[in-house]
Amino acid sequence: MFRYWSKTKKFAEKMLFPDNIKCIFCGVDIDNFEERPYCDECAKILPFNNGHRCEICDQPILDEANVCDLCQKEKKNFKKAFCPFLYEGSVKNLVLKYKDSNCRYLAQPLANIISKCLEGIKIDIITYIPMTEKKEKKRTFNQSKLLAEEIGKILNCPVLCCFAKIKDKVSQKNLIFKERRQNIIGTFIAKDVNLNRNQNVLIVDDVLTTCSTVSYCAGLIYPKVNNIYVCGIAREYVRPEKTLFKTKTFFHQLNK
Ligand SMILES: [Zn+2]
Ligand SMILES: [Zn+2]
């Protein structure tokens with residue numbers, strides 16, 4: 001009985017003081033949550049991805065080029081990627097919290113921030129990077145699917161499951177660009193979904209790194225649709241292989 005009461009109390013507290021009126025980064029109360037889910041103080045220091053960046057994969061570029069070295073070397077199967085943040089500091093912590101601690105309530109405010117980057121882009125269908133059934137069961141939810149559903153509500157777009165992940169391969173984390181590409185082949189398949197040449201599709205992922213996963217999935221539906229766009233919460237900077245041995249100045253600039 002007591003346990004039941006304490007559960008009910010917890011639920012009531014959650015209803016009265018929900019997490020979704022607080023800054024998603026530092027937890028202070030804010031008034032304009034619907035407009036912007038973080039406080040003024042956090043806004044000053046958040047790593048926004050708003051500098052000069054690749055017009056295809058959205059990663060920061062240090063020189064004047066419009067397209068990064070990786071995109072110049074290998075064509076992506078999507079038209080353009082959008083990520084509001086860089087994957088570092090408080091953003092990295094928040095993404096990990098969202099993914100690993102089952103903080104589903106973060107999907108809505110994160111979708112809200114991502115949607116603002118998509119203004120002016122015509123999207124007809126939203127889809128997402130799937131997990132294997134086994135992994136989704138274990139984790140209880142797919143963070144990219146949840147984001148896609150929230151973005152779908154904001155943009156008033158249907159969300160379709162266009163891909164299936166049929167096996168978990170080696171973790172991508174410690175693989176270099178070429179190995180990631182090899183690693184991905186045969187991992188995803190396209191599902192039998194009705195798509196047509198007039199549709200613009202948005203593929204939602206959580207964090208974009210080399211973009212090999214999203215580009216591979218985009219390639220599976222590429223001939224069937226009009227444009228493919230990609231979005232994620234954050235962009236992780238990928239050092240092009242050839243710049244790995246450059247001077248310290250390069251990394252210094254990078255970390256600024
Ligand atoms: Zn804050
Ligand atoms: Zn690029």
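Whatever order the structure lists ligands and atoms in, that order sets their numbers, starting from 1.
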- Task: Assess C211: does it contribute an N, O or S atom lying under 2.8 Å from the Zn ion (ligand 2)?
- Result: no

- Message: How wide is the angle at the Zn ion (ligand 1) spanned by C26 SG and C42 SG, rounded to 10 degrees?
- Response: 110°

- Note on the structure: Row for the Zn ion (ligand 2): angle SG (C57) to SG (C54), 10° precision, value 110°

- May I ask you to say whether D100 pairs ionically with K97, meaning some side-chain N is under 4.0 Å from a carboxylate O? no

- Query: Between D206 and K99, is there a side-chain N and carboxylate O pair less than 4.0 Å apart?
  - Reply: yes

- Item | Under-4.0 Å salt bridge between D58 and R235 | no

- So, R139 and E136, do they make that salt bridge, N to O below 4.0 Å? no

- Message: Please report, to 10°, the angle around the Zn ion (ligand 2) from atom SG (C71) across to atom SG (C68).
- Response: 110°

